[in-house]
Amino acid sequence: MVLQRLFRAVIMGPPGSGKGTVSGRIAKTFGLEHISSGDILRANINAKTELGLLMKASIDQGQLVPDHVISRLILRDLKAIPQSSWLLDGFPRTVTQAEALDDAYSVDTVINLNVPFHTIKERLTSRWTHLPSGRVYNVDFNPPKEPGRDDVTGEPLVQRDDDTPETVTRRLKAYETQTEPVLEYYRSKGILETFSGTETNKIWPHVEAFLHKKLSVVNKGVA
Ligand code: G5P
Ligand code: MG
């Protein structure tokens, strides 16, 4: 679908709910630029930047990094792509971050993946990630063509340091206390759309149909 005006979306959901997986499909189908705060932070850790080294301990322990750090990072990246339609994955994660985003941009829609916590815990311990691209695999759900290697580059896959059972529990707790209030924030603005289920392949057709409808309205508004 060719967009006639810029479209700005956010995808939310607990750790492991499939934000990265669904974002990849949205980016491919609708041409939105996928910006993942977690991928950006991990790229900094991998490149051993000052910021990456400072944030690594919090991330490995399943805690959120400070609002001002992540807001500055993401808003700077968005400023660099003024002519792109985008999908933010993992940001905002607190009401303070949502307010910082609102001050700079008007968000068209927020997709919320509502997946039960017990489903998530199993997934994360069998996730493999290609760090440079953020592509994710799962031993059962979407295994790589060659074990341990990224399908596109052939480079090695790694397990994230924060995917241990203890850290996953802490990440889910942080989600409940700090991120769930953001759902209410967007619900009260009338732009939250929730998709519930336990399987990405069953959730995806609903997300796709919703975005087709939403984007055709956006395009009509311009025509
Ligand atoms: P991230 O990187 O944003 P999380 O914790 O929000 O991390 P995560 O873990 O990346 O989210 P996801 O993107 O929601 O999960 O899920 P995914 O990767 O697509 O899917 C998870 C696994 O399940 C994969 O292996 C996938 O293949 C598999 N899968 C998908 N669907 C199915 C299915 O239907 N069935 C099965 N069996 N498997 C499936 O943030 C990381 C850290 O960075 C910091 C924080 O410390 C955070 O903990 N951070 C921030 N801190 C403050 N503010 C922010 N805005 C921050 N952003 C990041
Ligand atoms: Mg992710």
Side-chain angles (χ1 to χ4, degrees), residues 10-27 34-45 51-52 54-75 77 87-101 111-131 133-144 150-151 157-164 167-180 182 195-205 207:
V10 168
I11 187 163
M12 294 187 62
S17 55
K19 298 184 296 294
T21 307
V22 171
S23 294
R25 295 181 189 186
I26 293 175
H34 172 211
I35 296 166
S36 155
S37 53
D39 287 352
I40 293 170
L41 289 169
R42 281 183 290 279
N44 273 277
I45 293 173
L51 179 113
L54 273 171
M55 297 303 134
K56 182 171 168 38
S58 304
I59 295 169
D60 286 354
Q61 286 162 22
Q63 292 162 357
L64 297 189
V65 307
D67 285 333
H68 68 277
V69 173
I70 194 73
S71 297
R72 210 175 47 211
L73 201 64
I74 299 294
L75 292 173
D77 280 10
L87 172 68
L88 289 179
D89 158 7
F91 179 91
R93 236 177 172 96
T94 64
V95 171
T96 305
Q97 293 176 21
E99 286 167 350
L101 179 63
I111 292 164
N112 173 33
L113 303 181
N114 179 27
V115 178
F117 281 11
H118 62 86
T119 307
I120 284 166
K121 283 198 167 183
E122 284 168 21
R123 286 181 187 180
L124 290 182
T125 40
S126 52
R127 168 167 59 187
W128 288 85
T129 305
H130 179 242
L131 278 182
S133 69
R135 274 186 288 278
V136 286
Y137 300 88
N138 185 282
V139 184
D140 317 299
F141 173 66
N142 59 336
D150 176 48
D151 287 353
L157 302 175
V158 295
Q159 283 203 288
R160 275 170 47 176
D161 289 339
D162 61 348
D163 274 350
T164 62
T167 310
V168 168
T169 302
R170 279 202 291 270
R171 285 160 62 196
L172 290 170
K173 193 84 215 150
Y175 172 80
E176 273 182 323
T177 54
Q178 290 163 279
T179 307
E180 276 187 354
V182 183
F195 300 87
S196 302
T198 55
E199 290 172 54
T200 298
N201 288 345
K202 289 196 178 152
I203 292 177
W204 166 244
V207 174

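None of the values given here were measured: they were computed from a predicted structure. One-based numbering, in listed order, for ligands and for the atoms of each. The figures here come from the full heavy-atom set of this structure, side chains too, leaving out hydrogens, waters and symmetry mates.
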> For ligand 1, is any non-hydrogen atom under 4.0 Å from Asn138's backbone (N, CA, C, O), its side chain (CB onward), both, or neither?
Replying inline: both
>> Consider side chain to side chain contact (heavy atoms under 4.5 Å, CB included). Of Val136, Ile203, Asn201, which one does Thr21 pass it with?
In response: Val136
>> Please state which option from Arg170, Lys202, Gln178, Arg127 has its nearest heavy atom closest to atom 8 (P) of ligand 1.
In response: Arg127
> Got an N/O contact under 3.5 Å between Lys19 and ligand 1?
Replying inline: yes
>> Heavy atoms only, cut-off 4.0 Å: how does Ile70 contact ligand 1, side chain, backbone, both, or neither?
In response: side chain
> Say you draw a straight line from CZ of Arg171 to OG1 of Thr164; how long is it, rounded to the nearest 0.5 Å?
Replying inline: 8.5 Å
> Which protein non-hydrogen atom lies closest to atom 45 (C) of ligand 1, naming both residue and atom, and how far is it?
Replying inline: Gln63 O, 3.6 Å
>> Could you report the tightest heavy-atom contact between Tyr175 and Asn112, atom names first, then the distance?
In response: OH-OD1, 4.4 Å
>> For the CG atom of Leu51 and the CD1 atom of Ile70, what is their distance to the nearest 0.5 Å?
In response: 8.0 Å
> In terms of atom number and element, which parts of ligand 1 are under 4.0 angstrom from non-hydrogen atoms of Arg42?
Replying inline: 2 (O), 41 (C)
>> For Asp163, which part has a heavy atom under 4.0 Å from ligand 1: side chain, backbone, both, or neither?
In response: neither
>> Residue-level breakdown please: for Glu122 versus ligand 1, do any non-hydrogen atoms fall below 4.0 Å on the side chain, on the backbone, on both, or on neither?
In response: neither
> When you measure from atom 25 (O) of ligand 1 to every protein heavy atom, which one gives the shortest distance, and what is it?
Replying inline: Tyr137 O, 2.9 Å
> Can an N or O of Ser58 be found at a distance shorter than 3.5 Å from an N or O of ligand 1?
Replying inline: no
> Hey, does Ile59 come in under 3.5 Å of ligand 1, counting only N/O atoms on both sides?
Replying inline: no
> At under 4.0 Å between heavy atoms, which part of Gln97 makes contact with ligand 1: side chain, backbone, both or neither?
Replying inline: side chain
>> Looking at every heavy atom in both Ile120 and Val115, which two are closest together, and how far apart are they?
In response: CD1-O, 3.6 Å
> Quick one: which ligand 1 atoms are inside 4.0 Å of a heavy atom on Glu199?
Replying inline: 34 (O)
> How long is the gap from CG on Leu64 to CD on Gln97, to the nearest 0.5 Å?
Replying inline: 7.0 Å
>> Give me the atom names and distance for the closest heavy-atom approach of Pro92 to Ala98.
In response: CB-N, 3.4 Å
>> To check you understand the geometry: which heavy-atom pair defines the closest contact between Gly20 and His34, and what is its length?
In response: O-CE1, 4.4 Å
>> Among Asp162, Val65, Leu41, Ile74, which one puts a heavy atom closest to atom 49 (N) of ligand 1?
In response: Leu41
> How does Pro14 reach ligand 1, if at all, at less than 4.0 Å between non-hydrogen atoms: by side chain, backbone, both, or neither?
Replying inline: backbone
> Any idea which of Arg171, Lys56, Arg93, Arg135 brings a heavy atom closest to atom 47 (C) of ligand 1?
Replying inline: Arg93
> Looking at CG of Asp150 and OG1 of Thr129, how far apart are the two atoms once the value is rounded to the nearest 0.5 Å?
Replying inline: 10.5 Å
> Looking at CZ of Arg127 and CZ of Arg160, how far apart are the two atoms once the value is rounded to the nearest 0.5 Å?
Replying inline: 4.0 Å
> Looking at ligand 1, does any of its N/O atoms fall within less than 3.5 Å of an N/O of Ser17?
Replying inline: yes
>> Could you identify the single nearest non-hydrogen protein atom to atom 23 (O) of ligand 1 and state the distance to 0.1 Å?
In response: Arg123 CD, 3.3 Å
> Taking all non-hydrogen atoms of both residues, which atom of Glu122 and which atom of Thr125 are closest, and how far apart?
Replying inline: O-OG1, 3.2 Å
> Out of curiosity, Leu131 CG to Trp128 CH2, how far, rounded to the nearest 0.5 Å?
Replying inline: 11.5 Å
>> Residue-level breakdown please: for Trp128 versus ligand 1, do any non-hydrogen atoms fall below 4.0 Å on the side chain, on the backbone, on both, or on neither?
In response: neither
> Under 4.0 Å from any heavy atom of Asn142, which atoms of ligand 1 are there?
Replying inline: 27 (O)
